[in-house]
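So the structure is just underneath, and the comments pick up after that.
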Number of protein chains: 2
Amino acid sequence: MGERDPTLMAGVPELVVLRLLAEREMYGYEIARTLKVVSRETLSLGEGVLYPALHAMEARGLLRPRPRQVEGRTRIYYQLTARGRRRLARLTANWQRMSAGVARILGTSGHD
Amino acid sequence: MGERDPTLMAGVPELVVLRLLAEREMYGYEIARTLKVVSRETLSLGEGVLYPALHAMEARGLLRPRPRQVEGRTRIYYQLTARGRRRLARLTANWQRMSAGVARILGTSGHD
DNA sequence: TTCCATACCTCGCAGCGCGAGGTATAGTCG
DNA sequence: CGACTATACCTCGCGCTGCGAGGTATGGAA
C-alpha cells in the first residue's frame with residue numbers, strides 16, 4: 001500500500017467536503033466514512049482534521065448546520081450555502097489549474 | 001486569468017524542483033524562470049519559497065550544491081543525489097495517488 | 001459489565017508557503 | 001559618472017493548516 005504525505009493534503013479537506021455536500025447533505029461521521037470508500041483510503045480525513053474544517057467552513061458561511069436527533073445520538077447535518085457553492089467552483093478551478101501544471105512538469109521532458 | 005491558491009501549493013515546490021533537476025542540473029534563478037514558462041505561470045515559485053526549499057532539500061541530502069562563478073556572479077547549480085532520486089519517485093507516487101483520489105471525488109457522482 | 005461502533009469535540013505541535021526586504025555584480029543609457 | 005535594470009543570491013516572521021492524541025457520551029451486542 002502507499003504511504004500518505006500530509007503536506008500534499010493542504011486544501012484538500014475543504015475541497016472534497018464541499019464537493020460531497022454539493023451532492024447531498026451529510027453529517028461529519030458520514031463524510032469521513034464516505035471519503036474512505038470513494039477515494040479508496042487515499043484521502044481519509046481524521047476527525048482532528050474534519051471537525052475543525054467543518055467549523056471553519058461554517059464560520060465562513062460556506063455551510064449551514066442542521067442538527068438532528070437520530071436514535072438518541074446527535075448528528076449535525078451540513079448543507080451548502082450559495083456562498084459555499086461559489087467557493088466550490090473557484091476551488092475546483094484552482095485545483096485543476098494547479099494539478100494540470102504539476103502534471104505537465106511530471107510528464108517527462110518538455111513535450112509541451 | 002486564474003487566481004492562485006497558496007494552500008494548494010503545499011509540497012509542490014519540492015516535487016517540481018526535484019523533477020526539474022532529474023532532467024539536468026540547474027541553479028535557483030534558472031529554476032524559477034523555467035517553472036514560469038513550463039507551467040504557464042500557474043506554478044511560479046517566489047524566491048521566498050524557492051531558496052529556503054533548496055536549502056532544506058540540501059540539508060536533507062536530496063541535492064548536491066555546485067557553486068560556480070559565471071561572469072562575475074555566483075550561481076549555485078544543484079544536482080540530484082541518489083537519495084533525491086528516490087525521494088522524487090516516492091513523492092511522485094504519492095502525488096498521483098492523492099491527485100487521482102481528488103479527481104475521483106470531483107468527477108461528479110459516484111459512478112464506480 | 002465490558003466492549004465496540006457511532007458521533008461529536010479540542011488542544012498544541014510542527015510544517016510550509018509567502019511577501020517583504022536585503023546584498024552584490026554586470027551591463028546599459030544618458 | 002550616476003541611475004536603472006537584470007541577474008543571483010539570501011533571511012525573517014506571519015499565518016494557515018493538517019494531524020495525532022485525547023476526551024465525552026449514547027446505544028447495542030457479547
Side-chain angles (χ1 to χ4, degrees), chain A residues 3-18 25-36 39 42-60 62-63 65-78 91 94-95 98 101-102, chain B residues 3-18 25-36 39 42-60 62-63 65-78 91 94-95 98 101-102:
Chain A
E3 345 117 57
R4 290 174 39 68
D5 189 331
T7 76
L8 290 179
M9 289 297 291
V12 170
E14 184 184 0
L15 176 57
V16 296
V17 166
L18 286 174
E25 63 170 17
M26 296 175 82
Y27 57 98
Y29 217 72
E30 190 185 7
I31 293 176
R33 271 187 288 109
T34 304
L35 230 33
K36 271 197 173 187
S39 77
T42 58
L43 253 43
S44 59
L45 307 187
E47 304 188 4
V49 177
L50 185 57
Y51 290 112
L54 287 171
H55 298 154
M57 294 165 78
E58 179 189 339
R60 291 169 60 198
L62 307 179
L63 305 184
R66 289 279 181 264
R68 276 174 225 164
Q69 297 296 324
V70 178
E71 294 169 19
R73 294 187 209 88
T74 302
R75 290 180 181 173
I76 304 182
Y77 284 82
Y78 288 96
L91 242 192
N94 287 152
W95 161 266
M98 189 275 302
V102 172
Chain B
E3 343 118 59
R4 290 173 39 68
D5 189 329
T7 75
L8 291 180
M9 288 298 290
V12 171
E14 184 184 359
L15 176 57
V16 297
V17 166
L18 285 174
E25 62 170 16
M26 296 175 80
Y27 58 98
Y29 217 73
E30 190 185 7
I31 292 175
R33 272 187 287 108
T34 303
L35 231 33
K36 271 197 172 185
S39 75
T42 57
L43 252 42
S44 59
L45 306 187
E47 304 187 3
V49 177
L50 185 58
Y51 290 112
L54 287 171
H55 298 155
M57 294 164 80
E58 178 189 340
R60 292 169 59 199
L62 307 178
L63 306 184
R66 288 282 181 261
R68 276 175 225 164
Q69 297 296 323
V70 179
E71 293 169 20
R73 293 188 210 88
T74 302
R75 290 180 181 172
I76 304 182
Y77 283 82
Y78 288 96
L91 242 192
N94 288 152
W95 161 267
M98 189 275 302
V102 172

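Residue numbers begin at 1 in each chain, while the letters A, B, ... track the order of the sequences.
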*Which part of the nucleic acid, if any, lies within reach of A:Arg4 when heavy atoms closer than 4.0 Å are counted: base, sugar-phosphate only, or nothing?*
sugar-phosphate
*Want to settle it: does B:Gly48 or A:Gly48 sit nearer the 5' end of DNA chain D, counting the closest nucleotide to each?*
B:Gly48
*Counting just side-chain N and O atoms, does B:His55 come under 4.0 Å of either OP1 or OP2 of D:dT11?*
yes
*Answer yes or no: does atom CD of A:Glu71 have more than 12 heavy-atom neighbours from other residues, nucleotides or ligands under 6.0 Å?*
no
_What's B:Pro52 touching, base or sugar-phosphate or nothing? Going by heavy atoms closer than 4.0 Å._
base
All N/O pairs under 3.5 Å across the protein-nucleotides 27-30 of chain D interface:
from	atom 1	to	atom 2	distance (Å)
D:dG27	O4'	A:Arg73	NH2	3.1

*For A:Leu45, report the nucleic acid contact type (base, sugar-phosphate, nothing); a contact means any heavy atom under 4.0 Å.*
nothing
*Within 45° of the axis and under 6.0 Å from the centre of the six-membered ring of A:Tyr77, does NZ or CZ of A:Arg68 qualify?*
yes
_Without decimals, in angstroms, what is the distance between B:Glu30 CD and D:dA8 P?_
9 Å
*asked:* Dot-bracket for DNA chain D, please. Rules: Watson-Crick or G-U, both distances under 3.5 Å, ( ) within the strand, [ ] when a pair crosses earlier ones, | for another strand, . otherwise.
replied: ||||||||||||||||||||||||||||||
_Go nucleotide by nucleotide along DNA chain D from the 5' end; which of B:Tyr51 and A:Met9 gets its closest nucleotide reached first?_
B:Tyr51
*Measuring from B:Ile76:CD1 to B:Leu63:CG, what's the distance to the nearest 0.5 Å?*
11.5 Å
*Which is true for B:Arg33 with a 4.0 Å heavy-atom rule: it touches a base, it touches only sugar-phosphate, or it touches nothing?*
sugar-phosphate
*Ignoring hydrogens and geometry, is there a side-chain-to-backbone donor-acceptor pair from A:Asn94 to B:Glu3 under 3.5 Å?*
yes
_Check the phosphate of C:dA7 against A:Tyr27, side-chain N and O only, distance under 4.0 Å to OP1 or OP2. Yes or no?_
yes
*Any idea which heavy atoms bring B:Arg4 and B:Thr42 closest together, and the distance?*
NH1-O, 3.3 Å
